[in-house]
Amino acid sequence: MDPLNSPLEVGMRTLVLLSVSFPQPLDVAQMVYMDDAILHSGDLDGPPSLHPTLPAGPGELALKRARIEQGLIILLRAGLAEVEATRQGGLLYLASEKGTAFVELLEAPYIGALSDRAEWIVHRGPDRLSIREATRAITDRWTRAFNSSLTTPGADHG
């Protein structure tokens, strides 16, 4: 199993995010954008990014939803998160008491950095609509950079 961006790693990042946002539940779409904002906070005029900007950035964002959903399954099975149904038929997730206590026990510097950025994005960073717009802008920038790397100066494209 690849430990980078595995369901377990993404689940831990999600648990940190849910713990910081507690008691406010989040839906999967919010978690996708907020997780990306936590990892690439420097691109959103926040604290320095935890992960570098990679040429495959848009692909990372595309895979994130499935990884977060897989991570949520782990959290739910372990009793670290809970799920609520909305009146509109959607699902919202929140950290359980056991989940917030678990995060408080973790002492790794990476978890501390995640918590700091989760605090920023949940309490002081851009609002959720702005996060979506900013993430879209980042994805557009990645796409332009990727497309420009495919063209070579002086090449005949006609």
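We count residues from 1, following the sequence as given. No hydrogens, no waters, no symmetry mates; every other heavy atom, side chains included, goes into these values. Note that the structure is predicted; figures quoted are calculated from it, not measured.
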Full working for side chain to side chain contact (heavy atoms under 4.5 Å, CB included) between Val83 and Leu72: CA-CA 9 Å; Val83 62; Leu72 284 167; over 6 Å; no
May I have the step-by-step check of side chain to side chain contact (heavy atoms under 4.5 Å, CB included) for Ile111 and Ser115, ending in yes or no? CA-CA 6 Å; Ile111 296 295; Ser115 294; 4.3 Å; yes
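Listed for the Gln24 side chain is no donor-acceptor partner under 3.5 Å among the backbone atoms of Ser21. Looking at Thr86, its side chain never comes within 3.5 Å of a backbone N or O of Leu91 through a donor-acceptor pair. Here the side chain of Arg13 pairs no donor or acceptor atom with the backbone of Glu9 at under 3.5 angstrom.
Ile121 and Tyr110 end up in the same hydrophobic cluster when Ile, Leu, Val, Met, Phe, Trp and Tyr side chains are linked at under 4.5 Å.
When all heavy atoms of Val103 and Ser19 are compared, the pair lying nearest together is CG2-OG, 3.4 Å. Between Trp120 and Pro47 the shortest heavy-atom distance is CD2-CD, 3.5 Å. Between Leu106 and Met12 the shortest heavy-atom distance is CD1-CE, 3.4 Å. Annotation for Leu80 and Leu15: closest pair O-CD1, 3.4 Å, computed over non-hydrogen atoms. Scanning all heavy atoms of the two residues, the minimum distance from Pro48 to Ser41 falls at O-OG, 3.3 Å. Looking at every heavy atom in both residues, Leu17 comes nearest to Asp35 through CD2-N, 4.4 Å.
Expressed to the nearest 0.5 Å, how far CG of Asp116 lies from CG of Leu50 amounts to 9.0 Å. Rounded to the nearest 0.5 angstrom, Glu119 CD and Leu114 CG are separated by 12.0 Å.
Taking a 4.5 Å side-chain heavy-atom cut-off between Ile, Leu, Val, Met, Phe, Trp and Tyr, the cluster of Phe22 extends to Leu94. Within the hydrophobic cluster formed by Ile, Leu, Val, Met, Phe, Trp and Tyr side chains joined at under 4.5 Å, directly or through other members, Leu92 stands alone, with no partner residue.
Under the side chain to side chain contact (heavy atoms under 4.5 Å, CB included) criterion, Ala101 pairs with no residue, sequence neighbours left out. Among residues two or more places apart in sequence or in another chain, the side chain to side chain contact (heavy atoms under 4.5 Å, CB included) test is passed with Glu104 by none.
Classification of the His40-His51 ring pair by plane angle, with boundaries at 30° and 60°, yields perpendicular.
Every pair tested for side chain to side chain donor-acceptor pair (under 3.5 Å) that includes a residue from residues 90-101 fails, sequence neighbours excluded, so the list is empty. Residues in residues 68-90 take part in these salt bridge (Lys or Arg N to Asp or Glu O under 4.0 Å) pairs, two or more places apart or across chains: Arg65-Glu69.
Between Arg117 and Val16 there is no side-chain heavy-atom pair separated by less than 4.5 Å.
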